[in-house]
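Input: a single structure, listed below in structure tokens.
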Protein chains: 2
Amino acid sequence: MSQTASNPVQELLVAPRLAALGNETRLAIYRSLVRAGQNGLPVAGVQERLQIPASTLSHHLRRLVEVGLVTQEREGTTLHCTADFQVMSDTFALFQRECCADVSDPTQNPCC
Amino acid sequence: MSQTASNPVQELLVAPRLAALGNETRLAIYRSLVRAGQNGLPVAGVQERLQIPASTLSHHLRRLVEVGLVTQEREGTTLHCTADFQVMSDTFALFQRECCADVSDPTQNPCC
DNA sequence: TCGATATTTCTAGAATTTTAGAACCAACAG
DNA sequence: CTGTTGGTTCTAAAATTCTAGAAATATCGA
């Protein structure tokens with residue numbers, strides 16, 4: 001069940017989520033999962049595409065899962081990874097929401 | 001002049017920008033600027049709000065400026081900082097664009 | 001049970017980041 | 001020119017992150 005963007009738990013996760021995607025390797029991992037869509041990819045599929053050592057990949061995947069950007073589901077021996085795109089959209093929406101929040105004169109904020 | 005989101009220069013900056021906002025302190029700085037709207041804030045204004053030592057603040061601001069998330073303009077002795085909200089929107093748009101890009105069967109990508 | 005495949009955990013070195021005091025510089029008012 | 005205000009650069013210590021080999025674990029087929 002996905003929480004709403006105004007949920008304090010989500011607020012708490014904004015920086016960790018951005019940090020998770022702020023690493024080139026993890027960004028590449030996340031992107032390959034985003035590109036793969038709802039079906040996602042098994043860990044081995046990501047490894048094949050990106051040629052990352054298994055332990056490094058596992059480490060990065062864990063961070064993505066920890067912050068909720070990726071979900072994993074075991075199917076027998078293979079672990080299926082899927083990017084939760086909604087989570088990222090919600091995170092971005094937090095910024096949108098508070099744009100110009102401190103501007104008293106509404107004629108002074110043409111951006112939002 | 002802002003570049004389009006498909007510009008390779010922008011692509012190159014995605015991870016650094018997300019990383020820049022992935023730090024709690026920098027995220028707080030950026031947010032206070034976003035809230036301040038087009039007018040932005042002088043460095044001292046940010047410091048007053050967030051109570052960060054000047055050298056630490058200066059260091060973080062530089063990183064935000066380096067990746068294009070914040071612009072600075074000197075007005076006499078004070079340095080005015082403004083969040084470039086468009087840059088962040090463009091960065092986020094890059095994700096949106098490539099969602100499900102690798103999915104061949106269009107019935108398999110209900111997310112985009 | 002044995003072996004193969006898929007993935008994680010342990011470990012540790014290298015690199016980077018974060019933090020902030022202290023010294024420094026630049027612009028301006030007097 | 002002198003002092004003050006606004007900000008940066010220098011420096012360095014502490015913390016964190018990144019990377020990947022090696023060993024370990026788990027599932028399944030034969």
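Please read these numbers as outputs of a predicted model, since none were measured by experiment. Chain letters run A, B, ... following the sequence lines, proteins first and then strands; every chain starts at 1.
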Can you check nucleotides 8-12 of chain D for protein contacts, nitrogen or oxygen pairs under 3.5 Å, and list what you find?
from, atom 1, to, atom 2, distance (Å)
D:dT8, OP2, B:S58, OG, 2.8
D:dT8, O5', B:S58, OG, 3.3

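Among the nucleotides D:dT19, C:dT18, D:dG7, the one closest to any side-chain atom of B:R26 is C:dT18. For B:H60, the listed nucleotide lying nearest its side chain is C:dT18; candidates were D:dG21, C:dT18, C:dT7.
For B:N23 and C:dT17, the shortest distance from a side-chain N or O to OP1 or OP2 is not below 4.0 Å. Listed pair B:T25 / C:dT19 meets the phosphate criterion, a side-chain N or O lying under 4.0 Å from OP1 or OP2.
The side-chain hydrogen bond (donor to acceptor under 3.5 Å, both in side chains) contacts involving residues 52-64 of chain A comprise A:R26-A:H60, where partners must be two or more places apart or lie in separate chains. Judged as a ring pair (Phe, Tyr, Trp, His ring centres under 6.0 Å), not a single pair has a partner in residues 32-55 of chain B (not counting sequence neighbours).
Side-chain atoms of A:R17 come within 3.5 Å of backbone atoms of A:V67 as a donor-acceptor pair (strictly under, hydrogens ignored).
Closest-nucleotide positions on DNA chain D for A:R63 and A:G76 were compared, and the one nearer the 5' end corresponds to A:R63. Judged by closest nucleotide on DNA chain D, B:P42 is the one of A:I52 and B:P42 placed further toward the 5' end.
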Let's go through B:L57 and B:L50 carefully: what are the C-alpha distance in whole Å and the side-chain angles of both, what is the deciding distance for side chain to side chain contact (heavy atoms under 4.5 Å, CB included) to 0.1 Å, and is it a yes or a no? CA-CA 9 Å; B:L57 175 57; B:L50 302 180; 5.7 Å; no
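Contact check of residues 64-71 of chain B against DNA chain D (heavy atom, cut-off under 4.0 Å) returns no residues at all.
Between B:P16 and A:E24, the closest side-chain pair of non-hydrogen atoms falls below 4.5 Å. Annotation: side chain of B:M88 is in contact with side chain of B:T91 (closest heavy-atom distance under 4.5 Å). Counting heavy atoms from C-beta outward, A:F92 and A:L18 have side chains that approach closer than 4.5 Å.
Each end of the helix from C:dT1-D:dA30 to C:dG30-D:dC1 gets its own axis, taken as the rotation carrying the C1' atoms of four end pairs onto the next four within a five-pair window, and the two axes meet at 20° to the nearest 10 degrees.
Across the protein-nucleic acid pair, B:E75 atom CD and C:dC28 atom P stand 11 Å apart, rounded to whole Å. As rounded to whole Å, 16 Å separates atom C1' of C:dT18 from atom CG of B:L27. If you take CG of B:L50 and P of C:dT19, they are 12 Å apart, rounded to a whole angstrom. For the pair A:Q47 CD and D:dA20 C1', the interatomic distance rounds to 12 Å; values are reported in whole Å. In this entry the distance linking CD of A:E48 with C1' of C:dT7 reads 16 Å, nearest Å.
Counting non-hydrogen atoms of neighbouring residues, nucleotides and ligands closer than 6.0 angstrom, the CD atom of B:E48 reaches no more than 12 such neighbours.
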Return a table of donor-acceptor pairs under 3.5 angstrom between the side chains of residues 70-83 of chain A and protein atoms on other chains or two or more places apart.
from, atom 1, to, atom 2, distance (Å)
A:R74, NH1, A:T77, O, 3.4
A:T78, OG1, A:E75, O, 3.4
A:H80, NE2, A:N39, O, 2.8

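The two atoms that bring A:S32 and A:R49 nearest to each other are CB-CD, 4.4 Å, heavy atoms only. Minimum heavy-atom separation, B:A36 to A:V103: O-CG2, 3.2 Å.
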